[in-house]
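One structure below.
Because the structure is predicted, anything quoted here is derived from the model rather than measured.
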Amino acid sequence: MTAIKAAIANLKGGVGKSTTTVMLADGLAYFYGLTVLVIDLDAQANSSQMLLTERGVQQASDQGKGTHHLLKQFMDGRATTAGPFIMPNAVSLEELRLAEEQDERKGWISALPSHPQLRLHELTLEEEWYSRSGTPTTLSDALATYFGGSFSMLDSLYDVILFDCPPHLSPLARAGLSLADVFVMPTIADAVSTWGTKQFSDWVGKFIAPDLPKRNFVLVTRFRDTRYSRQVLTELKEIYLKDRWFGPTIPESVHVLNAMDRAAPDSYNTFRGKYGGVKGDVRRLAERFSDFLSHRTGTTWQKIRD
Amino acid sequence: MAEDQGLTAVEYLDRFFDELRDEVRSNPRLAARLVKAMGGSVVFEAETSVEIANPYLLAASGSKSRFYTVFSQMKPNQLKRVLKENNLATSIDLAGKSPSQLVDMLYDRASSKVSERKSSIF
């Protein structure tokens, strides 16, 4: 097994990167029985919060788990593998928890969580690096090499690794992007998000992935069914990003907000209970992503649930 | 709504498609969307073409002459509506403009928006 690595990324903030990350993790684990690792590279730690709760994020940090602790290893010049920094239990779905309990390893989610401390470590690292005549690019390259090495043992343990990237291009964010096989780009059907997505698409195409169109999965999120939104959606699909693979359009919905608010670290919900009115959207997201990978990378997965 | 026990599955479908046909006849925007979704291309009559014309899509197609052919048929009020509905002009911008100036404005601004928003990585 070699894990598919997907960066969930966009320079525009508020387009649903963390929500998409969690929906994709849940959808792939639940419908395809895949083993998923979520790596949170965003110091806002939103996907970590959604998977583990606020208390869980702090507990993880206190136990030495998280990307900020891994980054500290790099800063201290210590080679390591990512395994000890991962929270193995980030599942919030009862069906997956039961399967694991019965030793049916059909779908499991782990997290390499983030913490607001990550940004402080990054700033310290950047100041030190640049004071020694390093550049953002050399730092990004060094981080990519280090993180690539520390993640290499994960390839055989996971089917999918999702990088939740921050809405900026810090050296760490760039390192995460450079490790990705495919790029999931959430956006919103409005003018500012469209422009932000174009900027990000151009940057990634120029500096990270010249073959971006083949590796790009676009997802329109927080969709409000108005004439204006429908028009922008049409333009995105037919003009601005016309050669990309589009996922289902995810509606702006209170169900999405509720689904992302986990009650407690030991609280579980059924898939139907968690996603309510958007459960079909999560299923379609997993299916379309699977279709995308099948067409673009030859990776095929079998569904275990309908 | 009372359930009609007497209908077969095919009759239910007939009803559904009858409703869809009626809507498509009276709603050219929906008709255009459905045809596009099915991957088809339909040439609409001139009057309908004006009603469903999308300045961004036409500007992106690269054919300036086709753009001018479609929008030059419009009356000033229709042009102003298209400009405003597509966020390409405000009432202040439109004041005192001749029809040809309105079409020029529509083309210039739609083309500009398309080039600003279209990913250069294709």
Under 3.5 Å, side-chain donor or acceptor atoms of residues 173-186 of chain A against the rest of the protein: list the pairs with distances, not counting sequence neighbours.
unit_1   : atom_1 : unit_2   : atom_2 : d
A:Arg174 : NH2    : A:Thr137 : OG1    : 3.1
A:Ser178 : OG     : A:Ala175 : O      : 2.8
A:Asp181 : OD2    : A:Lys5   : N      : 2.7

When rounded to the nearest 0.5 angstrom, what is the spacing between [atom1] in [X] and [atom2] in [Y]?
X        : Y        : atom1 : atom2 : value
A:Ile39  : A:Thr67  : CD1   : OG1   : 9.0 Å
A:Thr187 : A:Leu219 : OG1   : CG    : 9.5 Å
A:Thr20  : A:Leu162 : OG1   : CG    : 10.5 Å
A:Gln199 : A:Asn10  : CD    : CG    : 10.5 Å

(request) Against chain B, label A:Lys206 side chain, backbone, both or neither, depending on which of its atoms sit under 4.5 Å from a heavy atom there. (result) backbone

(message) Tell me if a side-chain donor or acceptor on A:Lys17 pairs with a main-chain N or O of A:Lys12 at a distance below 3.5 Å.
(response) yes

(request) Output yes when a side-chain donor or acceptor of A:Ser140 lies under 3.5 Å from a complementary backbone atom of A:Pro136, and no otherwise. (result)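 Looks like no, no N/O pair under 3.5 Å.
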
(message) What residues of residues 276-300 of chain A make heavy-atom contacts with chain B at a cutoff under 4.5 angstrom?
(response) none

(request) Could you list the residues that satisfy ring-ring contact (aromatic ring centres under 6.0 Å, His included) with A:Tyr228, not counting sequence neighbours? (result)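 Expected list: none.
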
(request) Using a heavy-atom cutoff of under 4.5 Å, enumerate the residues of residues 83-91 of chain B that contact chain A, numbered in order, or state 'none'. (result) B:Glu85, B:Asn86, B:Asn87

(request) Using a cut-off of 6.0 Å, state whether more than 12 heavy atoms not belonging to A:Trp195 lie near its atom CH2. (result) no

(request) Hey, can you tell me if A:Phe31 and A:Phe271 have their rings parallel, tilted or perpendicular (30° and 60° cut-offs)? (result) perpendicular

